[in-house]
Amino acid sequence: MTSNAPYPPALDAGLETERLSQTIKDWSIANGLAVRPPPALVGQNQDPEGILAINAPVTLFPSPFPKSCFEEAKAIQTNYNELYARISQDEEFLGRLVQEVAGGDDFIAKLWEIHLKVKEEGYVQNLSLGLFRSDYMVHQDGDHLQIKQVEFNTIASSFGGLSAQTSLLHQHLSKTEYPLLTTPIPPNALNLPPNTSAHSLAAGLRAAYEAYGPSILNHPTCILFIVQEGERNIFDQRHLEYSLQQSSIPVFRLPFSQLLTHTTLSPPPLRQLLYHLPHNPSQIFEVAVTYLRAGYGPNDYPTPTSWLARRRIETSNTIPCPTILTQLAGMKKVQQVLATPPGPSTLAKFIPDEEKSSALWRTFTNIYPLDSSSPAGREARRLATDPKECLKYVMKPQREGGGNNFYKGAIPEQLKKVPEEHWNSFILMELITPPAVQNTILRQGKLEQGGVICELGVYGTCLWDQKTGQVKHNEEAGYLLRTKGDQSEEGGVAAGFGCMDSVALV
Ligand code: ADP
Ligand code: MG
């Protein structure tokens with residue numbers, strides 16, 4: 001990089017941009033940095049054979065990201081894994097928070113109900129697996145840069161497959177294309193850290209698979225991916241599957257809606273989850289690990305039988321990723337309670353080591369409850385309904401998957417529509433405003449140039465025993481950088497707002 005040239009460069013439309021775009025388009029398809037096309041692009045039912053794939057949206061250049069922040073986020077991940085494993089074990093704590101939000105949130109109430117039913121039957125599997133992702137934005141406080149947590153994901157944490165490919169794409173471009181630009185960036189001028197997210201997440205699944213051990217019913221064992229029908233982000237998941245299959249672990253994909261049809265339970269007290277190959281039902285695999293890439297939101301539960309499917313997983317001997325308790329540990333309400341006074345003491349209950357818990361505490365930003373009785377809740381009600389104050393906040397329900405939040409002026413509007421006694425099913429969070437970065441996004445063949453906002457996700461894998469509390473596996477598992485235009489409030493790639501990116505450490 002010539003010393004004073006701005007990075008990333010703002011390219012004019014022309015031959016060099018065309019060349020760079022073409023390389024990205026071809027490399028992406030050749031290496032599975034791809035998604036299935038949205039119906040809006042190809043027309044409804046225009047791909048009946050399921051043969052089409054398009055480029056995942058991606059930045060032309062890896063975005064500059066502060067090295068100290070990146071390293072802090074990576075270093076802290078195993079502490080976060082431990083924290084959420086401990087929260088998952090604290091049924092009393094989770095139950096209390098569920099009661100606070102359940103009045104205005106049928107979905108959370110229903111998840112809790114299923115948990116209680118399974119508890120009554122008796123859980124037969126004590127091992128629990130988390131494939132987590134902690135998301136951050138950089139907060140600038142004077143000269144000091146500090147990562148602040150956006151949210152902690154405990155179910156269906158996605159993009160680990162595509163993220164590793166995005167890092168490889170940018171590494172490829174830094175060797176082959178950036179040195180050829182009119183203002184060249186020499187090879188090795190960018191600090192591009194390795195990203196093992198796909199293999200590291202697979203390693204977490206493998207650890208659980210191995211801990212499950214052989215079938216005492218003499219079936220072969222497998223890992224079952226529970227997916228959504230018509231999933232467009234399928235290649236992201238496939239990268240994890242291929243990694244597992246490389247180490248000779250049988251992996252199958254089953255839409256959540258078909259779980260009851262193609263699985264059975266062995267008789268109690270064992271209750272093994274048995275998967276019957278749809279094309280040959282007499283061939284049976286015992287499901288050692290059930291990895292949910294579905295079931296995180298109400299849309300996946302259209303009928304009462306959908307809840308029976310979730311109950312079958314929970315009640316069986318399979319190791320679920322995640323259990324209902326771990327899914328509930330990912331409620332925004334949990335994040336709020338950890339961050340609201342007396343937050344440090346709540347945190348210390350789960351993580352007694354002071355150094356570890358203060359490192360976690362530093363990554364929290366202000367989050368408020370919206371109840372009518374606590375001082376923090378009353379203050380939040382004032383902030384959320386004040387036309388000026390509300391502009392500094394985002395209001396979140398207990399939902400995952402993007403597109404559910406209310407920003408700034410939309411907060412008082414939304415509160416008007418909700419009975420006051422249900423306001424507490426939301427949390428109010430201070431908006432983090434990261435330093436502006438310039439980049440160019442390539443989305444569906446079109447270039448979008450301008451200010452962007454970057455969100456770093458760090459993956460973690462954790463396997464623990466719910467009964468004894470013993471942690472058997474606890475690893476940091478690579479990263480994700482998602483980038484969106486600075487005019488956009490939501491950042492989800494799958495929801496159509498953000499794009500894939502990787503870090504150039506500065
Ligand atoms: P979801 O579970 O739907 O992914 P998030 O809490 O991650 O919900 O919010 C979705 C998006 O909204 C984030 O990816 C981020 O772009 C934006 N966002 C959420 N919280 C904040 C915040 N405190 N400050 C700035 N942006 C935020
Ligand atoms: Mg999110």
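We count ligands from 1, going down the list as the structure has it; atoms in each ligand are counted the same way.
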Thinking salt bridges, do Asp236 and Arg238 make one under a 4.0 Å N-O criterion?
no
Within the 3.5 Å criterion, strictly below it, is a donor on Ser88 or Thr326 matched to an acceptor on the partner's side chain?
yes
Return the option from Val394, Ile427, Ile432 holding the heavy atom at the smallest distance from atom 24 (N) of ligand 1.
Ile432
Looking at Glu430, which atoms of ligand 1 are within less than 4.0 Å of one of its heavy atoms?
22 (C), 23 (N)
The residue among Tyr296, Trp112, Tyr301 that forms ring pair (Phe, Tyr, Trp, His ring centres under 6.0 Å) with Phe107 is Tyr301
Quick check: does Leu431 get an N/O under 3.5 Å from an N/O on ligand 1?
no
Per-atom contacts, ligand 1 versus Tyr407 - under 4.0 Å to a heavy atom:
10 (C), 11 (C), 12 (O), 17 (C)
In ligand 1, which numbered atoms sit nearer than 4.0 Å to a non-hydrogen atom of Gly401?
2 (O), 3 (O)
Taking the six-membered ring for Trp, are the ring centroids of Phe93 and Phe350 within less than 6.0 Å of each other?
yes
Geometric class of the Tyr80/Tyr136 ring pair [parallel <30°, tilted 30-60°, perpendicular >60°]:
tilted
Compare Glu400, Lys332, Gln398, Arg399 and give the one whose heavy atom is closest to atom 8 (O) of ligand 1.
Lys332
Only one of Lys333, Arg399, His422, Met331 clears side-chain contact (heavy atoms from CB on, under 4.5 Å) with Asp105; which?
Arg399
What do you reckon, is NZ of Lys25 surrounded by more than 12 foreign heavy atoms closer than 6.0 Å?
yes
Min N/O separation Glu455 to ligand 1 under 3.5 Å:
yes
Which residues pass the side-chain contact (heavy atoms from CB on, under 4.5 Å) test with Glu92, sequence neighbours left out?
Asp90, Arg96
What part of Thr433, side chain, backbone, both or neither, has a heavy atom within less than 4.0 angstrom of ligand 1?
neither
Given Lys484, Gln149, Lys148, which one has a non-hydrogen atom that is nearest to atom 16 (O) of ligand 1?
Lys484
Lys74 and Glu71 ion-paired at < 4.0 Å:
no
For Met429, atoms of ligand 1 separated by under 4.0 Å from a heavy atom:
23 (N)
Among Met137, Lys396, His139, closest by any non-hydrogen atom to atom 20 (N) of ligand 1:
Lys396
Compute the minimum heavy-atom distance from Asp135 to ligand 1 and say whether it is under 4.0 Å.
no
Report yes or no: does Trp423 contribute a side-chain atom to a donor-acceptor pair with the main-chain N or O of Arg381 at less than 3.5 Å?
no
Do Pro322 and Leu292 have side-chain heavy atoms sitting under 4.5 Å apart?
yes
What protein N/O/S atoms sit under 2.8 Å from the Mg ion (ligand 2), by chain and number?
Glu151 OE2
Using the rule side-chain contact (heavy atoms from CB on, under 4.5 Å), only one of Val337, Thr340, Val101 pairs with Pro369; which is it?
Thr340
